[in-house]
Novice: 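Handing you this structure, nothing more for now.
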Amino acid sequence: MQQFWIDTDTASDDAVALVMALRSPVAQVEGISVVAGNVSLDQCVQNALYTVELCGKDTPVYVGLEKPIMRKLEDASEVHGDDGMGDIGLDLKGRTPATEHAIDVMTECIMSSPGKIRLVTLGPLSNIANALLRTPELAGAVEHCYIMGGAPHMPGNITEVAEFNIWADPEAAHIVAESSMPQTYVGWDASMASAFVTPEQIEEIRAIGTKFSDFAMDIQATILKFMQDFAKMPGFDLPDPLAVAVALDPSIAETKPYSMNVVTGDSLTRGMTVVDFMDVTKKPANVNIVTHIEPADFMKMLKELLG
Ligand code: RIB
Ligand code: CA
């Protein structure tokens with residue numbers, strides 16, 4: 001079994017990703033750390049606890065940072081719903097997370113099993129950056145870090161040029177990208193290309209007929225309307241589930257090493273992931289970027305893990 005640690009700003013796509021990881025026969029999820037992002041930290045924690053309970057697991061959920069490291073939280077509730085889970089009336093309150101701080105436990109878990117823990121990040125990188133600043137040797141102890149983030153090939157989804165997870169805490173993303181930690185980015189471009197779920201596929205997934213397939217589609221209610229109203233696109237993409245699919249089976253993704261910079265600060269290009277695709281700078285590669293995933297490979301894994 002591959003050991004995992006998952007960092008998440010649990011909302012409608014994160015929750016599907018958690019179901020996939022928790023139900024995968026090849027994965028042992030050692031812990032889930034929560035970070036503020038899509039919605040408030042407290043709500044993300046409750047959403048994660050609800051999802052773990054739905055899967056019948058006792059995977060510990062730890063509370064992390066309630067805001068980006070150098071700026072206020074700007075959430076994505078307009079995309080995921082006020083509760084982050086489609087505002088469909090789920091009972092998303094009153095569950096109790098573990099008491100230790102997420103960053104302490106995540107660091108201890110990784111450092112106590114060097115080269116063993118596969119880190120998957122599904123939200124802003126605030127927790128990860130903080131952990132790396134406190135324990136720089138963490139970068140060399142992680143087996144690999146799969147990051148849902150960035151828009152190497154634009155457009156962005158929160159601005160013209162930036163993807164939400166990177167944009168929400170660009171300073172944290174810069175720290176992570178420069179950390180020498182082995183890291184692979186599953187960008188929003190990959191998500192739109194390989195994990196877009198059409199109305200027909202929504203019905204195919206619902207036809208699986210399990211509580212997991214129903215849950216996975218039900219909680220997309222807000223994003224489904226958002227995509228229709230704003231993007232004029234029927235359906236929705238599943239970026240975090242795509243990142244988990246790659247982490248569960250890296251062979252489904254074509255990747256390539258590149259030099260990548262993250263734009264920090266508050267300019268028009270805040271959170272932009274600037275990738276040197278033509279190697280014009282001759283700077284050494286610091287990240288891997290997913291360049292292709294067959295949509296059918298993702299959909300097959302998604303359906304299997306919702307079955
Ligand atoms: O841009 C997509 C990412 O932002 C996903 O992780 C989604 O959950 C939101 O956090
Ligand atoms: Ca997320």
Side-chain angles (χ1 to χ4, degrees), residues 5-21 32-41 43-48 50-51 61 64-65 67-68 73-86 102 119-128 145-170 172-173 176 184-197 216 219-224 226-227 230-231 233 235-247 262 270-273 290 298:
W5 185 283
I6 301 178
D7 192 74
T8 167
D9 61 336
T10 314
S12 50
D13 63 318
D14 303 66
V16 178
L18 289 177
V19 169
M20 293 171 68
I32 295 170
S33 49
V34 184
V35 64
N38 283 316
V39 290
S40 71
L41 176 65
Q43 189 63 64
C44 290
V45 168
Q46 290 301 319
N47 295 347
Y50 179 95
T51 305
V61 174
L65 297 182
K67 63 180 285 296
L73 174 66
E74 295 173 270
D75 72 25
S77 53
E78 74 281 1
V79 176
H80 297 277
D82 290 338
D83 67 10
M85 303 279 266
L119 180 57
V120 183
T121 73
L122 307 177
L125 292 167
S126 319
N127 286 343
I128 312 305
C145 182
Y146 289 91
I147 295 169
M148 192 283 126
H153 295 285
M154 287 175 286
N157 59 10
I158 187 76
T159 70
E160 303 93 317
V161 297
E163 175 279 326
F164 176 78
N165 286 338
I166 306 300
W167 174 90
D169 196 344
V176 172
T184 296
Y185 287 74
V186 183
W188 195 60
D189 47 341
S191 176
M192 289 297 282
S194 305
F196 194 87
V197 182
I219 60 176
Q220 310 305 327
T222 303
I223 193 166
L224 188 62
F226 180 88
M227 291 296 283
F230 292 95
M233 296 177 80
F236 48 80
D237 68 310
L238 289 173
D240 292 344
L242 186 65
V244 161
V246 175
V262 175
R270 162 188 166 184
M272 183 176 183
T273 45
V290 165
F298 167 68

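Whatever order the structure lists ligands and atoms in, that order sets their numbers, starting from 1. The model shown is predicted, which means the values in this text are computed figures rather than measured ones.
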Novice: Have D14 and N38 got a donor and an acceptor in their side chains that come within less than 3.5 Å?
Specialist: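 Yes, side-chain donor-acceptor contact under 3.5 Å.
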
Novice: Rounded at 0.5 Å granularity, tell me how far CG in L18 sits from OH in Y50.
Specialist: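 Spacing of CG (L18) from OH (Y50) equals 13.5 Å.
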
Novice: What I want to find out is whether R270 reaches E163 closely enough, with some N-O distance under 4.0 Å, to be called a salt bridge.
Specialist: no

Novice: For the backbone of D240 and the side chain of D13, can you confirm whether one donor and one acceptor N or O come within less than 3.5 Å of each other?
Specialist: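 Yes, the answer is positive, given that a donor and an acceptor are paired below the 3.5 Å cut-off.
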
Novice: Restricting to N/O/S atoms, is D240 within less than 3.0 Å of the Ca ion (ligand 2) or not?
Specialist: yes

Novice: Give the atoms of ligand 1, by number and element, whose distance to some non-hydrogen atom of D240 is under 4.0 Å.
Specialist: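 So the atoms of ligand 1 that pass are 5 (C), 6 (O), 7 (C), 8 (O).
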
Novice: Counting from 1, what ligand 1 atoms have a heavy atom of M148 closer than 4.0 Å?
Specialist: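 Here the atoms of ligand 1 in question are 2 (C), 3 (C), 5 (C), 6 (O).
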
Novice: Quick one: which ligand 1 atoms are inside 4.0 Å of a heavy atom on D9?
Specialist: 10 (O)

Novice: Which atoms of ligand 1 have any heavy atom of L122 under 4.0 Å away?
Specialist: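 Result: 6 (O), 10 (O).
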
Novice: Just to the nearest 10 degrees, tell me the angle at the Ca ion (ligand 2) spanned by D14 OD1 and D9 OD1.
Specialist: 90°

Novice: Output yes if L122 passes the N/O/S-under-3.0 Å test against the Ca ion (ligand 2); output no otherwise.
Specialist: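 Yes, since at least one N, O or S atom of L122 sits under 3.0 Å from the Ca ion (ligand 2).
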
Novice: Please list, in number order, the atoms of ligand 1 under 4.0 Å from a heavy atom of E163.
Specialist: 1 (O), 2 (C), 3 (C), 4 (O)

Novice: Could you list the atoms of ligand 1 found under 4.0 angstrom from a heavy atom of D13?
Specialist: 5 (C), 6 (O), 7 (C), 8 (O)

Novice: How long is the straight-line distance from CD1 of I158 back to CD1 of I166, given to the nearest 0.5 Å?
Specialist: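 These two atoms lie 13.0 Å from each other.
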
Novice: Mind running side chain to side chain contact (heavy atoms under 4.5 Å, CB included) on N165 and L125 for me, showing each step along the way?
Specialist: CA-CA 7 Å; N165 286 338; L125 292 167; over 6 Å; no

Novice: NZ/K67 to CD/E74 distance, rounded to the nearest 0.5 angstrom?
Specialist: 11.0 Å

Novice: State whether a side-chain donor-acceptor pair under 3.5 Å links D237 with W188.
Specialist: yes

Novice: Under a 4.0 Å heavy-atom limit, does N157 contact ligand 1 with its side chain, its backbone, both, or neither?
Specialist: side chain

Novice: I need the atoms of ligand 1 closer than 4.0 Å to a non-hydrogen atom of N38, numbered in the order shown.
Specialist: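 Matching atoms, with element in brackets: 7 (C), 8 (O), 9 (C), 10 (O).
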
Novice: Please identify which atoms of ligand 1 are closer than 4.0 Å to at least one heavy atom of D14.
Specialist: 8 (O)

